[in-house]
There are 2 protein chains.
Amino acid sequence: MPKPTVHDIAQEAGVSLATVDRVLNERPGVRDRTIQRVRAAIDKLGYVRDTYAANLARQKAYTFVFVLPEGPSSFIDVVREAIEEASTSQMAERVTIRVLSVPQNDPHGVVRRLLTLNPGKIDGVAIMAPETPQVRDAVRRLKNAGLAVATLFSDLPVPVRDHYVGINSYSAGRTAALLMGRFLRGVHGSVMVVTGSLQARDSIERRHGFDEVMQRDFPDLTVLPTLEFHDDISRVDRLVGTVASQTRDLAGVYSMGAGNQALLAALRKTDRLNEMTVIAHELTAVTREGLLAGEVDAVIAQNVGHLVRSAVRVLRAKCDSVDIFAAQEKIRIDIVTRENLP
Amino acid sequence: MPKPTVHDIAQEAGVSLATVDRVLNERPGVRDRTIQRVRAAIDKLGYVRDTYAANLARQKAYTFVFVLPEGPSSFIDVVREAIEEASTSQMAERVTIRVLSVPQNDPHGVVRRLLTLNPGKIDGVAIMAPETPQVRDAVRRLKNAGLAVATLFSDLPVPVRDHYVGINSYSAGRTAALLMGRFLRGVHGSVMVVTGSLQARDSIERRHGFDEVMQRDFPDLTVLPTLEFHDDISRVDRLVGTVASQTRDLAGVYSMGAGNQALLAALRKTDRLNEMTVIAHELTAVTREGLLAGEVDAVIAQNVGHLVRSAVRVLRAKCDSVDIFAAQEKIRIDIVTRENLP
DNA sequence: TTGTATGCGTTATCAT
DNA sequence: ATGATAACGCATACAA
């Protein structure tokens, strides 16, 4: 009892291949009665379409665009690399991947860049961009144009995208807090929280999750107000330096976003970095170095390679109107230490 | 300039499809000079074979057998579930998966069961079994019979298998130690280590990694001799109870293997479980419950779903003599806490 | 409204 | 040693 094919369906339903195909792809021009017959045959035989054969016949090739923020960032570098790797692997058969860079902190610039996309030429987009009303609208337009839309690392409202690929920021923040509190067992002291900007939705969620666990489980630790350097790395040094010198009991540092290079440099100047517990997000060249040097104690990360592959699979599934294999697409919150560094 | 096909190669080389195919699949019966010509055309046009079309034409169906220890184990349950899930997903197109249960702690029994496999009927095996000389030989025989062989969770010597799917036990032990030491910051006390058996190679490696980090980084903690219950759960209660009552400064428990249910039950009786730091391996129903209840503080795990899918892909690749995509098959050491529980 | 015939890129059988 | 040709499971232009 091999897998049934369209031929088997046709025979069972007493119709031709073409009719089976019409029903399968919901094309017009079939009598209701015939549709029922074919449907019944499909159910009875348990037919499932061979997507690969279908794509072969259809000569279908997918074109996906990954939209990434431009500008120097060790994290974006990791993402680019993962995309590069995925597009040259066999998993990307019949899919070509393009990368579109969009400005940082310039919603209108993002929209303008997004408008250069020709929805007729591409099948799906994976977008990494902070949520703003302008971006929301632009993405909605892409989705309405029939593209498959996945959000990457940072989500947008459900109606404007098909799927979110990334971890839950709230849980990520909670996880960071758990580690911070556990690593500072018995310590009475303060914890500094640093981020580029608290505007982004995921920053807020992280902070929210972090605070909740810290307050509930680790009352001996005082979480200081968030230090926002507004995506201007040059401010990090002064901001961090000031707070560090004013906070004699500074025991921990939670870095919620990018800018870890500058942050670590600033902390080094305090000469107290070695006694501090530092927790950061995302595994990059910088945080990896930090872990190995013993300067960073834990990194909350997501498997970027897996994430990119997941995005490709999800977009493909959307294009084919096929269900995704949920378990495979689930992105876990990785905890990375010096000892389990990949 | 679409992707070149065998037709293009044939034309470029001035030969027929069949000849191209012979060269592509390294079949005999082609003159050296012709081979060169075809090879040149392949290089020149940058041909890459369409695996899906190939599999379609080949009508190849893979049969893989997963060899698992029988007997009750919450971890094996997880593995079975993952196999079930993988075999019903689209990733298992053209592959049928069977599970073969083998006795625990009975190398000869394992071998006998392995001998029931008909190497002609199957294409590959994924084996989860502790290393013994008998098992080694039996597996070597399978490999020599032409089967693709992957080891699962626990490795065998390189010559008898094609690929190991799982985490590095030594690093896993080191990771456990790091967390134990960090979670017990400032504490002077003892750490109990419990395992079913120290015979298995991976148990030894875990213990080795654990000890190394504990000794080097956490001198305030005393690691007690390993408690071996020799896979007899009924002994756990007495063993653990005795040591716990004799060790007033017991601060941590490292569970290296299975038997967590019994272990936790025994620890509960001491009425000191809540103050202890407990670290275990593998995310199962038991350890998950333990995390949620706050009884277990961290679990060192591997993504079993990913692992099973990886095994299937690797076996398939071996059967096709195709390279694997290493980055995708890398199994990470997961650290799971209450907050990042999947 | 339904059926026939052909092609997608690859493999495989059977001639030559 | 090499070439024609027919599958594989599906889609589709065209015919009926």
Side-chain angles (χ1 to χ4, degrees), chain A residues 1-39 41-42 45-62 90 92-95 123 316 319-322, chain B residues 1-39 41-42 45-62 90 92-95 123 316 319-322:
Chain A
M1 42 172 232
K3 253 179 57 178
T5 74
V6 277
H7 290 89
D8 302 319
I9 305 294
Q11 178 143 29
E12 175 75 23
V15 297
S16 77
L17 254 39
T19 301
V20 173
D21 181 69
R22 290 186 184 101
V23 174
L24 239 36
N25 296 305
E26 295 176 337
R27 276 189 264 269
V30 186
R31 270 192 315 196
D32 269 7
R33 240 180 55 74
T34 313
I35 295 185
Q36 304 315 327
R37 282 229 309 281
V38 175
R39 287 252 160 80
I42 290 176
L45 301 188
Y47 170 82
V48 293
R49 184 208 307 265
D50 182 332
T51 336
Y52 298 135
N55 286 339
L56 175 59
R58 192 181 316 183
Q59 281 283 83
K60 167 97 187 148
Y62 310 84
Q90 60 268 50
E93 283 215 86
R94 291 203 172 68
V95 0
D123 304 284
R316 223 224 283 252
C319 291
D320 296 343
S321 311
V322 158
Chain B
M1 42 172 230
K3 253 179 58 178
T5 75
V6 275
H7 291 88
D8 302 319
I9 305 293
Q11 177 144 30
E12 174 75 23
V15 297
S16 78
L17 252 39
T19 301
V20 173
D21 182 65
R22 290 188 182 97
V23 175
L24 239 35
N25 296 305
E26 296 177 337
R27 277 190 264 266
V30 186
R31 271 191 315 195
D32 269 5
R33 240 180 54 73
T34 315
I35 296 186
Q36 303 315 326
R37 283 229 308 283
V38 174
R39 286 253 162 79
I42 290 176
L45 301 188
Y47 169 82
V48 294
R49 148 217 258 115
D50 182 332
T51 354
Y52 297 135
N55 285 341
L56 175 59
R58 194 182 324 208
Q59 279 290 87
K60 167 93 185 153
Y62 310 84
Q90 59 268 50
E93 281 214 88
R94 294 202 170 71
V95 2
D123 304 285
R316 224 221 290 246
C319 291
D320 296 344
S321 312
V322 156

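Please read all numbers here as calculations on a predicted model, not as lab measurements. Side chains are part of it too, since the values below use all heavy atoms of this structure and drop only hydrogens, waters and symmetry mates. Proteins get letters first, then strands, A, B, ... in listed order; numbering begins at 1 in each.
Residues Arg49(B) and Asn25(B) have side chains that bring a donor and an acceptor to within less than 3.5 angstrom of each other.
Taking the side chain as every heavy atom from C-beta outward, Arg58(B) and Thr51(B) never approach each other to under 4.5 Å.
Running 5' to 3' along DNA chain D, contacts with non-hydrogen atoms of chain B at under 4.0 Å begin and end at dA1(D) to dG9(D).
Applying the 4.0 Å criterion to OP1 and OP2 of dT4(C), one finds that Ser16(A) has every side-chain N and O outside that range. For the pair Thr34(A) and dT2(C), the criterion of a side-chain N or O lying under 4.0 Å from OP1 or OP2 is met.
For residues 28-39 of chain B, no pair satisfies side chain to side chain donor-acceptor pair (under 3.5 Å), with sequence neighbours left out. Note on residues 8-28 of chain A: pairs passing salt bridge (charged side-chain N to carboxylate O under 4.0 Å, His left out), not counting sequence neighbours, are Glu12(A)-Lys44(A), Asp21(A)-Arg27(A).
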Worksheet entry | Worked verdict on Glu93(A) versus Lys3(B) for side chain to side chain contact (heavy atoms under 4.5 Å, CB included) | CA-CA 11 Å; Glu93(A) 283 215 86; Lys3(B) 253 179 58 178; 3.9 Å; yes
Practice prompt. Apply salt bridge (Lys or Arg N to Asp or Glu O under 4.0 Å) to Arg316(B) and Asp123(B), showing your working.
Written response: CA-CA 9 Å; Arg316(B) 224 221 290 246; Asp123(B) 304 285; over 6 Å; no
Worksheet item: Hey, mind stepping through Asp50(A) and Tyr52(B) against side chain to side chain contact (heavy atoms under 4.5 Å, CB included) and telling me if it holds?
Response: CA-CA 10 Å; Asp50(A) 182 332; Tyr52(B) 297 135; over 6 Å; no
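Val20(A) comes within 4.0 angstrom of nothing in the nucleic acid, heavy atoms only.
Annotation: the terminal axes of the helix from dT1(C)-dA16(D) to dT16(C)-dA1(D) meet at 50°, where each axis is the rotation carrying the C1' atoms of four end pairs onto the next four (5 pairs per end, rounded to 10°).
When all heavy atoms are compared, the tightest approach of Ser16(B) to Ala10(B) is C-CB, 4.0 Å. Across every non-hydrogen atom of Val38(B) and Val15(B), the tightest pair is CG2-CG2, 4.0 Å.
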Response to the item:
Each nucleotide of nucleotides 6-16 of chain C classed B (base within 4.0 Å of a protein heavy atom), S (only sugar-phosphate) or -, in 5' to 3' order, makes -BBBBSB-B--
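Not counting sequence neighbours, Tyr47(B) has no partner by the ring-ring contact (aromatic ring centres under 6.0 Å, His included) test.
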